[in-house]
Structure formats: C-alpha cells, structure tokens
There are 2 protein chains.
Amino acid sequence: MARAATTTDAFNAVAEPRRRQILDLLAQRERPVNELVDLLGLAQPQVSKHLRVLREVDLVHVRDAGRQRMYRLNPEPLRSIHDWLGKYERMWNERFDAMDTVLEELKEEEDHDD
Amino acid sequence: MARAATTTDAFNAVAEPRRRQILDLLAQRERPVNELVDLLGLAQPQVSKHLRVLREVDLVHVRDAGRQRMYRLNPEPLRSIHDWLGKYERMWNERFDAMDTVLEELKEEEDHDD
DNA sequence: CCATCGTATACCCATAAGGGAATACGTCAA
DNA sequence: TTGACGTATTCCCTTATGGGTATACGATGG
C-alpha cells in the first residue's frame with residue numbers, strides 16, 4: 001500500500017507546507033484563486049490543485065462570484081488535530097519535578113541514548 | 001517533485017495513523033518494540049520502520065536495554081503543530097456575533113456554495 | 001562459540017504525490 | 001457571437017510511501 005491520500009483527512013492535507021500557507025492566507029479573509037496565486041508565487045494549476053485537496057477535506061468553502069471563485073477558510077477540521085494534540089499538550093507544559101528530570105538525564109547518558 | 005518525505009517534519013510524520021497510534025501508546029509509558037508490535041497488531045518490520053521515521057523527526061528517543069530497545073515519547077516536536085494551530089483555535093472557539101453568522105449562511109445559500 | 005531472541009535493513013510492489021505544461025470550460029464584455 | 005479572463009482538469013515524470021517477506025545484526029544464555 002502507498003502513503004494515504006492527502007485527501008484522507010486534515011492531518012494529511014495539512015502536511016503540505018503550501019496548503020498551510022493557503023490556509024494562513026485564507027485565515028485573514030476570503031480570497032479568489034488568482035490572489036492566492038500572486039501571494040504564493042506558485043503556478044495557477046498547482047494552486048487550484050491544492051485548493052481541491054483542501055476542499056475535499058472541507059478545510060475551505062468556495063463561493064462563485066462571477067468568473068471568480070472565492071475561497072473561504074473552514075477551520076473546523078483542524079479541530080480534530082488540535083484534539084489529538086490535546087493529550088500531549090500537558091506533557092510539554094507540565095513542570096516535571098526536578099527529581100524525575102535529573103534521573104532521566106542521567107539514564108540517557110549512561111545508556112548512550114540517541 | 002514528489003510529496004515531501006515523511007521525515008521532513010512532525011506534520012508529515014504524524015499524518016500516518018499508525019504513527020499516531022504509536023505515539024499514543026508511548027504517551028503512557030516507555031515501551032520496547034515487541035510490545036508495540038503486539039499492541040498494534042502490525043508486523044515487526046513495519047513497526048521498526050515507523051519508529052525510524054519518528055526517530056528522525058525526534059518524536060521518540062531510544063534507549064538500549066540489553067537486546068531490547070526502549071522507545072520513549074518526546075512530545076516537543078508536536079509543539080510546532082500546536083503552535084501553528086494556535087492562530088485557528090480562536091476561530092472555532094470564538095463566538096461570532098449572530099449577525100455575521102446569519103449573513104454568512106444566507107450568502108452561502110444564494111451563491112449555491114458547496 | 002552457538003542458537004535464539006529482539007530489532008533493523010534490504011527488496012519488491014502498487015500507488016499517488018506535486019510540479020510543469022497544455023488545454024478544457026464557464027462567464028463576462030464588446 | 002466572439003474573445004479574453006479566471007479557474008479546473010489532464011498528462012507526464014520523478015520520487016518515496018507503506019506493507020509484505022526475507023534476511024542481517026547485536027546481545028544474551030548455555
């Protein structure tokens with residue numbers, strides 16, 4: 001089996017930097033394709049393709065405006081990612097007590113942990 | 001160009017469900033490979049391969065313990081994902097005022113938004 | 001020193017990615 | 001109607017995934 005399709009879920013869709021850029025731009029306001037093309041410095045077809053992926057995972061909504069297509073962000077699917085991260089968030093925020101930390105570090109050294 | 005390597009960053013590494021499962025299991029405690037194999041119901045080589053990816057993006061640390069290799073979670077890289085999501089979090093939490101919401105919905109209908 | 005355990009690597013395969021380039025399609029202006 | 005504009009789709013190509021299977025490798029127990 002090959003790698004899961006980028007359209008499988010938000011996780012896969014968002015793994016691509018360009019698509020994250022697009023979302024970042026749409027986070028500010030609704031935009032037509034050409035505007036994204038200009039801002040990204042990418043060829044129009046690739047932008048359309050990225051938008052297709054984002055559409056398929058429902059991260060963006062489209063609205064016809066004459067011959068233009070206005071793309072708008074739909075942050076909802078990102079929530080699933082955020083939810084998954086939830087259980088880890090405390091791990092990097094939480095202040096582990098000094099004892100454990102020191103023991104961890106010592107252990108790593110003597111075991112040549114990489 | 002092909003898709004970015006899974007080892008490019010945490011985003012790509014975590015896009016694979018199996019790898020998320022592995023992280024979930026390691027979130028509980030440090031574990032040797034075989035234990036993960038049993039818990040995941042995957043073949044040992046695939047588990048080792050997934051662990052390799054996770055190692056390369058520094059999401060896990062290894063420690064030699066005799067003939068076993070104990071894998072431990074390192075949540076740090078997940079932070080970059082969390083940080084990126086930060087700017088969107090308010091969008092799905094924030095209470096948009098009723099007016100905007102209604103206008104949005106009406107607009108979608110008349111434009112046959114998909 | 002040898003056999004075995006626990007893991008990692010090497011191969012083979014089918015699948016699809018993302019960029020480039022050409023082209024199809026719908027809408028609007030003249 | 002025609003032509004230009006804005007966008008989507010198609011095709012080509014290179015690359016690497018992830019699973020399957022076989023095998024290599026280091027450590028341990030006899």
Side-chain angles (χ1 to χ4, degrees), chain A residues 1-22 25-26 30-57 60-72 110-114, chain B residues 1-23 25-26 30-57 60-72 111-114:
Chain A
M1 197 189 280
R3 204 202 271 200
T6 53
T7 52
T8 301
D9 52 34
F11 279 98
N12 283 280
V14 157
E16 169 66 14
R18 301 302 203 167
R19 273 179 311 252
R20 256 175 283 148
Q21 282 184 40
I22 292 179
L25 290 170
L26 295 180
E30 189 185 42
R31 298 180 194 271
V33 180
N34 262 339
E35 193 173 324
L36 293 172
V37 169
D38 292 341
L39 293 169
L40 294 170
L42 249 184
Q44 177 267 314
Q46 335 309 338
V47 174
S48 279
K49 281 188 252 181
H50 282 309
L51 287 170
R52 183 155 155 62
V53 173
L54 293 175
R55 248 187 290 132
E56 293 195 32
V57 296
V60 298
H61 287 173
V62 213
R63 174 172 71 84
D64 282 19
R67 31 188 174 180
Q68 296 189 279
R69 311 203 75 193
M70 300 299 289
Y71 278 84
R72 184 164 46 83
E110 59 182 306
D111 292 327
H112 308 90
D113 191 340
D114 63 347
Chain B
M1 198 189 279
R3 204 203 264 198
T6 53
T7 52
T8 302
D9 51 34
F11 279 98
N12 283 279
V14 156
E16 168 67 10
R18 301 302 203 168
R19 275 183 305 254
R20 257 174 282 148
Q21 281 184 41
I22 291 178
L23 294 182
L25 290 171
L26 295 181
E30 190 184 39
R31 299 181 194 270
V33 180
N34 262 339
E35 193 173 322
L36 293 172
V37 170
D38 292 342
L39 293 169
L40 294 170
L42 249 185
Q44 176 267 313
Q46 337 307 339
V47 174
S48 279
K49 281 188 255 181
H50 282 309
L51 287 170
R52 183 156 156 60
V53 173
L54 293 174
R55 247 187 291 133
E56 293 195 32
V57 295
V60 298
H61 286 173
V62 213
R63 174 171 71 86
D64 284 17
R67 30 188 176 184
Q68 297 190 285
R69 312 202 76 193
M70 301 300 290
Y71 279 84
R72 185 163 47 81
D111 291 328
H112 307 90
D113 191 341
D114 61 349

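Chain naming here is simple, since letters A, B, ... match the order of the sequence lines and numbering starts at 1 in each.
Phosphate contact (OP1/OP2 of D/dG6, side-chain N/O of A/Tyr71, threshold under 4.0 Å): absent. Distances shorter than 4.0 Å separate none of the side-chain N or O atoms of B/Arg3 from OP1 or OP2 on C/dT15. In this model, the phosphate group of D/dT7 is not approached by any side-chain N or O of A/Arg67 to a distance below 4.0 Å at OP1 or OP2. Between A/Asn34 and D/dT7 there is a side-chain polar atom (N or O) within less than 4.0 angstrom of OP1 or OP2.
Residue-to-nucleotide proximity on DNA chain C shows that, of A/Ala4 and A/Gly66, the 5′-proximal contact is made by A/Ala4. Residue A/Gln68 is the one, among A/Ala2 and A/Gln68, whose nearest nucleotide of DNA chain D lies closer to the 5' end (criterion: closest heavy atom).
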Take A/Glu30 and A/Arg63 through the salt bridge (charged side-chain N to carboxylate O under 4.0 Å, His left out) test and state the conclusion after the steps.
CA-CA 10 Å; A/Glu30 189 185 42; A/Arg63 174 172 71 84; 2.8 Å; yes
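We find the CG-NE2 distance between A/Leu54 and A/His61 to be 11.5 Å, quoted to the nearest 0.5 Å. With rounding to the nearest 0.5 angstrom, the CZ atom of B/Arg55 is 6.0 Å from the CZ atom of B/Arg69.
Shown for residues 38-54 of chain B: residues whose heavy atoms fall under 4.0 angstrom of DNA chain C, namely B/Gln44, B/Pro45, B/Ser48, B/Lys49, B/Arg52. Interface residues of residues 11-18 of chain A facing DNA chain D, ordered by number: none; criterion, heavy-atom separation under 4.0 Å.
Atom P of nucleotide D/dT7 and atom CG of A/Asp64 are separated by 10 Å, given to the nearest angstrom. The distance between atom CG of B/Leu36 and atom C1' of C/dT7, rounded to the nearest whole Å, is 12 Å. Rounded to a whole Å, the CD atom of B/Glu35 is 19 Å from the P atom of C/dC5.
Put simply, the residue from B/Val57, B/Val60, B/Val53, B/Asn12 that forms a side chain to side chain contact (heavy atoms under 4.5 Å, CB included) with B/Arg19 is B/Val53. Shown are B/Val37, B/Leu39, B/Asp38; of these, the side chain to side chain contact (heavy atoms under 4.5 Å, CB included) with B/Val47 is made only by B/Val37.
Closest approach to the A/Arg69 side chain among C/dA8, D/dA8, D/dT15 is made by D/dA8 (side chain taken as heavy atoms from C-beta onward).
Remark: B/Arg20 is positioned above the aromatic ring of A/Phe11, its terminal NZ or CZ atom under 6.0 angstrom from the ring centre and at most 45 degrees off the axis.
Shown here for A/Ala4 and B/Arg3, the closest heavy-atom pair between the two residues is O-NH2, 2.6 Å.
At a threshold of 4.5 Å between non-hydrogen side-chain atoms, the residues A/Gln21 and A/Leu40 count as touching.
Between the side chain of A/Arg31 and the backbone N or O of A/Leu25 there is at least one donor-acceptor pair closer than 3.5 Å.
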